[in-house]
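This report concerns only the one structure given below.
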Amino acid sequence: MTNRRALPHFTLAITLAIAAATLSLVTAGSAVELDPAAVAYVTPDQFKWRDPTDQVATNQTILLGDPNKPELYIYINKFKPGRFGNPHYHPNDRFITVIDGAAWRGTGPVLDPTHAARVPNGTFMIDHAAKVHWDGTKEESGAYLIAGIGPATNIEVPKSSGPWAGGDPAAATIMLPDQIPWKDHGSFRLANLAGDPDKPGLFVQMLTVLKGADFTRPHVHPGPLFTMVLSGTWWVGTGNKYDPASLAVPFKPGTFVTHFGNRVHWDGAKDEDVTLLIIGEGPVTTARVDEAR
């Protein structure tokens, strides 16, 4: 990512099984290739859904790791309209971004959709460990990007018939889109959502790079970085030859991108603002590299 902002990169030793042999796109009539040892990506049309027919009420695609193991995982759950899950909890915190549509959330053992809170696209949430919550959809469909350290076991609890008593405020943190804690840094805006990039451990950020801002220069980080493009077109290049006009590859919204550790890359926005969801593990360092002449 960048030498001018602190961004997350994992120091976890994980093997990522996405995107494969050659990462190339055709732009302006010529092939632009990324170094597959530096950057891997998977586009929405390449996601491998649990139900390829997409007939189930809740479908899932795993982007990273195994949620059943004690390791970092990232996956997407998408929901058809008109379904609610039973009250349940998880053994570890989960970090959730609503990436499409809208869902409805509640806490405590009483499942009462009339008292649920609507969480639209752009909302960020934390399901706190061992705290009971529930969610679902009404008229709209919805989709969550969920990250955490596994196992991500879903443990259901006996459903209470009520009456509704207000739920459990300690069970979940919800930041609606207008509550995201953006901070302006001139050419970009940054919101720290969970964790601290300067300390060990998992953290999540949102980053908006403003159109026309200078691209980052070639640099490396010690560990991998996992990024979902939320909006706009993100342009990424690899290697120490810096040429945004002809060597950057465009990533559209919904693309899941991995920057591997200690591999040279650079990136930016061109003619539109770009908003990214970045998942990493601190502490983060950034080192510039000598550019090819």
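The chain is numbered in sequence order, starting from 1.
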Any heavy-atom pair between the side chains of [Y] and [X] that's under 4.5 Å?
X	Y	result
Arg118	Glu140	yes
Ile96	Leu145	no
Lys241	Leu247	yes
Val119	Trp104	no
Gln205	Leu190	yes
Leu63	Met228	yes
Thr275	Leu207	no
Val204	Leu277	yes

So which heavy atom on [X] is nearest to which on [Y], and how close?
X	Y	result
Thr107	Ala171	CG2-CB, 3.6 Å
Val236	Val39	CG1-CG2, 4.2 Å
Asp198	Asp196	N-OD1, 2.9 Å
Ala194	Ile126	CB-CD1, 4.2 Å
Leu72	Phe226	CD2-CE1, 3.7 Å
Asp127	Ala172	OD1-CB, 4.4 Å

Can you tell me how far the [atom1] atom of [X] sits from the [atom2] atom of [Y], to the nearest 0.5 Å?
X	Y	atom1	atom2	value
Asp112	Ser160	CG	OG	10.5 Å
Met206	Leu276	CE	CG	10.5 Å
Ile180	Asn192	CD1	CG	11.5 Å
Thr227	Asp267	OG1	CG	8.5 Å
Ile99	Thr97	CD1	OG1	8.0 Å
His265	Phe260	NE2	CZ	11.5 Å

Looking only at side-chain N and O atoms, does [Y] offer a donor or acceptor that is under 3.5 Å from a partner on [X]?
X	Y	value
His128	Thr173	yes
Asn59	Asp51	no
Glu291	Asn240	no
Thr255	Thr43	no
Arg83	Thr58	yes
His133	His90	yes

### Query
With a distance cut-off below 6.0 Å to the six-membered ring centre and an angular limit of 45° from the axis, does Lys252 pair with Trp234 as a cation-pi contact?
no
### Query
Given the rule that I, L, V, M, F, W and Y join up when any side-chain heavy atoms are under 4.5 Å apart, are Val220 and Ile278 in one cluster?
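Shared cluster, no.
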### Message
Please check if the number of heavy atoms outside Phe84 that lie under 6.0 Å from its CZ is greater than 12.
### Response
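Atom CZ in Phe84 is crowded, with more than 12 foreign heavy atoms closer than 6.0 Å.
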### Query
More than 12 foreign heavy atoms under 6.0 Å from CG of Asp178: is that the case here?
yes
### Query
Is the Trp266 to Tyr242 ring centre distance short of 6.0 Å?
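Ring-ring flag for Trp266/Tyr242: true, centres closer than 6.0 Å.
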#### Entry: Test of ring centre spacing under 6.0 Å for Tyr41 and Phe256
no
### Query
Between the main-chain N or O of His88 and the side-chain N or O of Asn154, is there a donor-acceptor pair closer than 3.5 Å?
no
#### Entry: Exam field: side chain Gln55 to backbone Thr53, donor-acceptor pair closer than 3.5 Å
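Yes, because the side chain of Gln55 sits within donor-acceptor range (under 3.5 Å) of the backbone of Thr53.
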### Query
Do Arg189 and Asp273 meet the salt-bridge criterion of a basic N to acidic O distance under 4.0 Å?
no
### Query
Do the rings of Phe79 and Tyr144 sit parallel, tilted or perpendicular, given the 30° and 60° boundaries?
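Plane angle over 60°, so perpendicular.
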### Message
Is the ring pair Tyr73/Tyr75 parallel, tilted or perpendicular, if the boundaries are 30 and 60 degrees?
### Response
parallel
